[in-house]
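Below: the structure, in structure tokens.
Every value quoted in this text rests on a predicted model; they were computed, and no experiment measured them. Quick note: residue numbers are just sequence positions, from 1. Read the numbers this way: they start at 1 and go in the same order the structure lists the ligands and their atoms.
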Amino acid sequence: MQEVVILDFGGQYNQLIARRVRECNVYCEVKPYTTPLTEIKAKNPIGIIFTGGPNSVYEAGSPQVDPEIFTWGVPILGICYGCQLIAHHLGGKVVPASDATAREYGKTETFYDTACTLFKGLPAAGTSWMSHGDYMEKVPEGFALTAHSEGCPNVAIADEVRHFYGVQFHPEVNHTENGVAMIRNFLYAVCGAKGDWTMGDYCKTAIASIREKVGDGKVLLALSGGVDSSVAAALLAEAVGKQLTCVFVDHGLMRKNEGDEVEAAFKKWNINFVRVDAEKRFLDKLAGITEPESKRKIIGEEFIRVFEDEGKKIGKVDYLAQGTIYPDVIESGLGNAATIKSHHNVGGLPDFVDFKEIIEPLRMLFKDEVRALGRELDLPEYLVMRQPFPGPGLAIRVIGDITKDKLDILRDADFVFRDELHKEGADAALSQYFAVLTNLRSVGVMGDGRTYDYTLALRAVTTSDFMTADWARIPYDVLDRISVRIVNEVPHINRICYDITSKPPATIEWE
Ligand code: XMP
């Protein structure tokens, strides 16, 4: 199998680059920039990608590469910092962009030289996503300028003889028009990729590495019945069979009837399945807690304590497995990124966890890749296409303090919302849709009497990667039917709002 090595210089979008390469059916590995060249050479890669990064190449101590990488004869694509690194090493000059126009952030109209292999067959102009404060003042010898913007003459460089390419913008993000096509051009037209990598290969490699790690040990998997943990369950079951026990913690924060549905679905699988009724335990711990991050941390910790208890019952369990996926990791603020929310299975973990190791076989995958892997493992379509449900469950959809009564109100309202969307056939186009019980009460009139009851918020979004999302344009008449049904069927709700914010600036969940 052909391989591309992505050298990581600490940029925000590095896994996104890997994902784009996989999308082009080419196997890749992300390696720290400190990886010795001999190790990279041993992989015999068809190409190398230098990622972006927060540093400036001209600063002492900034991440560098072994200069021999440029004489070895392998094609290189440098993105942002990676582009400046190429320029810096090969005799160009990178300086801080003193002129505010040469410093570019965000969407920028960019003009491409379509004779350059990187841009061949693509439109000569389009939006690109820039994020750089440094500027290539002098382009190295042997390089041509192959793209510019209004504010910056040196947006892309190419040496078609040595097969070195550099772009100041980020082709890997959705905001860059034809960005994936540029990466594809690098892989296929420059590196000679054959497209010999598939999700089936990923599946085989993942199974082999789980087997190697676990040996004859026992694994306990945190199963919620959602897409991620179900795919992780199928993968681990394939890898280690009955050495695996799937523990479904019913924390009392599930949607209506969900606990029984999950149990019924997984009891049919040929796996060790345990359902733990932990409602009281979780609700006691959450009583009176209103701050979202505190809720998440409490739930994260309590999950681990339940798993530890279950592990002790089984005996000699070394590994705890979780269906953590890449957006969970990045939003929990691991690495350089800021913490948006502590996803309960990542940033919500307590400091002490009584297992030898935590296994997260989906940690580098995006949601749609997880779904593709699920199909590879023959999971039924209804499971693979289930909308995501957060680990902390309805605790982060009841704003303010959590009580059983509020949870029941939310469960009933959320059920009507989902049921009505399903009847209307509107659910298929939505990525995620749910109700939120706001902590706000307002005055209403029902029959001839005054009410003072809760405001419910409805949220429905479309997204491909859950990192950004748009609010869904549900037709007014459908919203109307939903609203009428909820206020009629669910006591204590007298007002309903529809959330019309995208992500960013909002997030998908309210907490
Ligand atoms: P946000 O609200 O951050 O959500 O835009 C992005 C996606 O992640 C889900 N989510 C979680 N999933 N554990 C999870 O497994 C969590 O703690 C968590 N918090 C949010 C959310 O439902 C959406 O799909």
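Residue contacts with ligand 1: Lys503 is placed with a nitrogen or oxygen under 3.5 Å of a nitrogen or oxygen of the ligand (distance criterion only).
Closest to atom 19 (N) of ligand 1 by heavy atom, among Arg296, Lys295, Glu509, is Arg296.
Evaluated for a side-chain contact (heavy atoms from CB on, under 4.5 Å) with Cys28, the options Ile17, Val5, Val4 yield exactly one hit, Val4.
Under a 4.0 Å criterion applied to the non-hydrogen atoms of Phe466, ligand 1 contributes the atoms 6 (C), 24 (O). Every atom of ligand 1 with a heavy atom of Thr507 under 4.0 Å away is listed here by number and element: 1 (P), 2 (O), 5 (O). In the vicinity of Pro392, heavy-atom distances shorter than 4.0 Å reach the ligand 1 atoms 13 (N), 16 (C), 17 (O).
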List the steps and the verdict of side-chain hydrogen bond (donor to acceptor under 3.5 Å, both in side chains) for Thr463 and Ser431. CA-CA 6 Å; Thr463 170; Ser431 308; 5.5 Å; no
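Cation-pi geometry between Arg19 and Tyr326 is not met: the NZ or CZ atom fails to fall both under 6.0 Å from the ring centre and inside 45° of the normal.
Val249 places none of its side-chain heavy atoms less than 4.5 Å from the side chain of Glu302.
Within the 4.0 Å heavy-atom criterion, the part of Pro388 lying near ligand 1 is the side chain and not the backbone.
For the residue pair Ser483/Asp480, the side-chain donor-acceptor check at 3.5 Å is not satisfied.
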